[in-house]
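To start, the structure itself, in structure tokens.
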Amino acid sequence: MVGTTPRDGQEPVGHDEARRAFEEALSAGRLHHAWLLTGPEGIGKASFAFWMARVLLKATAPDSTAARRIAAGSHADLLYIARGMDEKRQRMRAEIVADDVRPIGQFLHRTAAEDGWRVVIVDGADFMNRSAANAILKILEEPPPRAILILTCAAPGRLLPTIRSRCRTLRLEPLLPAQMQAVLARVAADVPPEDIARVAPLAHGSPGRALALLAGDGAALGALVARVLETPPDAGAMYEIAESVLKRENGFPVFFDLLCDAISKHARALALGDGRGEGNADGSLSAHRMAELWRRLTDLRVETERFNLDKQQALLSGLTLVSGR
Amino acid sequence: MKLKADRATLLKALAHIQSVAEKRNTIPILANVLINVADGRLTLTATDMEIAVVEEIGAETARNGAVTAPAAVLHEIVRKLPDGVAVELDHAGGDAPLALRAGRYTTSLNVLDVDDFPSMTAGSLPNHFTVPASVLRGLIDRTRFAISTEETRYYLNGIYLHVAPGEAGPMLRAVATDGHRLARVETEVPSGAEEMPGVIVPRKTIAELRKLLDEGAEDVVVGLSDTRIQFSVGPVTLTSKLIDGTFPEYDRVIPRGNDRVLRVGKKDFSDAVARVAAISQERSRPVKLSIGHNLLTLSAVSPDQGTAKEELDENHVTYDAEPMEIGFQARYLNDITDQIDRDVEFLFSDSSAPTIVRDVASPSALYVLMPMRV
């Protein structure tokens with residue numbers, strides 16, 4: 001159902017500041033050899049990286065043959081590295097391993113095929129394991145001429161500081177509502193507008209997250225959230241829930257989004273309507289307490305993502321908070 | 001696109017193409033062959049984005065056009081067709097499948113868009129020259145054994161082709177080294193190559209080129225820029241990226257003052273080295289050369305297996321300088337003697353300094369070998 005991918009020749013929507021920074025560096029002829037694109041999951045980092053590649057490889061016209069080759073993965077001066085597919089388990093592997101990044105050295109030690117820049121994109125650099133990261137570091141330490149490395153990364157805290165310090169960082173900010181509309185109209189053209197309107201506010205300016213909410217995962221995780229709120233899970237059930245959330249790509253942020261959203265709706269309903277803030281006899285469902293729960297869950301999530309804490313533990317803590325309301 | 005080609009011709013071309021097309025199928029179109037009919041000429045192209053092979057073959061062409069289809073499948077089908085049959089390829093354009101007919105056999109293959117096929121042949125190559133295939137073969141064969149396989153020294157992972165001032169005017173040189181041995185072979189500069197930039201041709205390109213050189217073409221047209229090299233061998237054109245690096249100043253490791261000259265028959269020497277080294281269990285298989293007046297003693301010692309020794313006397317050896325002892329890896333000695341026709345000449349300085357090895361009959365080749373302690 002997803003209409004277009006980051007490879008396709010589209011202009012990035014939003015991210016004006018990052019775009020300006022890159023264009024200025026390019027026109028001044030002072031292009032740093034390594035760029036780090038940061039920002040939340042699904043915000044358009046890979047799309048932005050491919051746009052940079054198209055600018056460098058003179059392929060900005062969407063119908064040009066160079067743009068076609070970039071979209072097909074067959075441009076001889078562009079190398080794209082991401083997590084591999086685990087064929088047995090039918091999902092993305094958990095890490096980018098040394099074997100995945102090995103082609104970079106070979107690629108950069110060859111001349112360009114079309115007499116211009118050579119571009120390497122490492123999508124999801126935060127997934128690199130130690131040996132992969134060290135291999136990248138080695139390349140960053142001795143950058144070959146006329147070569148640009150673009151790393152995308154949702155959790156810069158997981159990168160080696162020595163890699164971070166060698167890259168010029170561009171922070172991609174969440175999209176504004178109008179920009180979200182524009183992107184979603186393009187990438188989810190076949191989705192009814194009311195569905196888009198439903199998920200857009202939950203996605204916090206990240207089109208990728210909106211797509212995840214629209215896809216099957218969104219529905220399955222939504223069911224889990226409903227279950228958690230209906231009957232507070234016991235310890236065994238918590239583990240089971242945490243596991244089924246984490247086995248999904250992007251399960252953690254989507255689950256927290258849906259959970260926080262459901263709680264905030266609940267709190268609002270209590271504050272405005274039936275509950276009037278007084279709570280039940282046992283005091284368990286006051287709007288105040290729900291709002292407090294929402295705040296603590298939001299903090300937990302932000303801290304977990306910022307400091308790269310253990311997601312399973314964070315989920316268990318979150319579920320404990322919910323059960324203890 | 002529509003054409004009719006002879007099965008044997010098509011098969012031979014597809015076999016060349018096959019060896020370059022990507023087998024690991026991460027980018028689907030790299031597993032495809034580009035079949036192009038333009039102005040009545042049929043060309044097949046395959047690439048792994050480092051090397052591209054284009055081959056022109058004779059065919060009856062009925063309609064211009066281009067399409068890409070899986071190289072391995074096409075090769076397999078054509079291989080299994082009976083000999084002597086005419087193969088008809090027909091593609092209506094766009095996403096329509098490629099129809100193949102031969103006798104009563106028909107198949108239709110899924111295609112991928114031609115515009116997605118990598119382009120390796122665009123851009124100009126300012127330097128052009130022609131070399132006889134036999135000369136190019138000589139340059140490659142006598143140097144490729146010394147190419148380094150160490151990835152960290154990527155700039156040694158190929159043959160350095162360049163024009164250098166020789167003793168009698170400029171020469172076209174091929175040089176390869178892995179830090180333990182070095183091979184330098186030179187030939188007259190072909191007309192048009194005088195201004196060529198020095199380039200490092202990757203090992204894989206050398207291997208593909210070498211296969212083509214055995215197929216009977218007399219001359220090879222070489223085109224190059226500082227980022228690409230192209231070899232036209234008969235109907236086949238091989239285009240390759242180059243190694244992006246600086247080849248070390250190898251001249252500095254070629255010793256100048258080696259004056260102890262040992263001459264020995266190639267066959268006597270290499271057989272003796274192999275026999276003596278057989279005792280050694282170490283990977284490097286060190287062999288000690290003890291040299292006296294017209295006498296060479298080869299010996300090897302293995303702590304576990306015992307010792308081995310062989311003498312080559314004045315019937316095989318000439319040597320007229322101070323007696324000395326020096327050690328080498330057996331494989332390195334044999335790699336070099338394999339390149340030599342009849343008589344080997346060693347030029348020593350002392351037991352710890354690099355040694356020069358030459359072919360007495362062919363002064364165009366020079367080898368440098370580092371000794372090892374034995």
Self-check item: Modelled atom types, side-chain donor and acceptor of B:Thr227 and A:Thr111, under 3.5 Å
Solution: no

Quiz item: Would you call the rings of B:Tyr154 and A:His109 parallel, tilted or perpendicular if under 30° counts as parallel and over 60° as perpendicular?
Solution: parallel

Practice problem: Could you tell me whether the side chains of B:Tyr160 and B:Arg184 share a donor-acceptor contact shorter than 3.5 Å? | Solution: no

Quiz item: Side chain, backbone, both or neither: which part of A:Arg146 has a non-hydrogen atom closer than 4.5 Å to chain B?
Solution: neither

Quiz item: Do B:Tyr250 and B:His162 have ring centres separated by under 6.0 Å?
Solution: yes

Quiz item: Counting heavy-atom pairs under 4.5 Å to chain B, which of A:Ser74, A:Ala76, A:Ala71 comes out on top?
Solution: A:Ser74

Quiz prompt | Residue A:His75 versus chain B: region with a heavy atom under 4.5 Å | solution = backbone

Quiz item: Which answer fits B:Ser240, side chain, backbone, both or neither, if we ask what part of it has an atom under 4.5 Å from a heavy atom of chain A?
Solution: neither

Self-check item: Under 4.5 Å from any heavy atom of chain B - which part of A:Leu108
Solution: backbone

Quiz prompt | Interface moiety of B:Tyr155 toward chain A, non-hydrogen atoms closer than 4.5 Å | solution = neither

Quiz item: Aromatic rings A:Tyr80 and A:Phe50: how do their planes relate, parallel, tilted or perpendicular, breaks at 30° and 60°?
Solution: tilted

Self-check item: Contacting moiety of B:Asp48, where chain A heavy atoms sit under 4.5 Å
Solution: neither

Self-check item: Residue A:Ala112 versus chain B: region with a heavy atom under 4.5 Å
Solution: backbone

Quiz item: Taking the side chain from B:Thr68 and the backbone from B:Leu112, do they hold a donor-acceptor pair closer than 3.5 Å?
Solution: yes

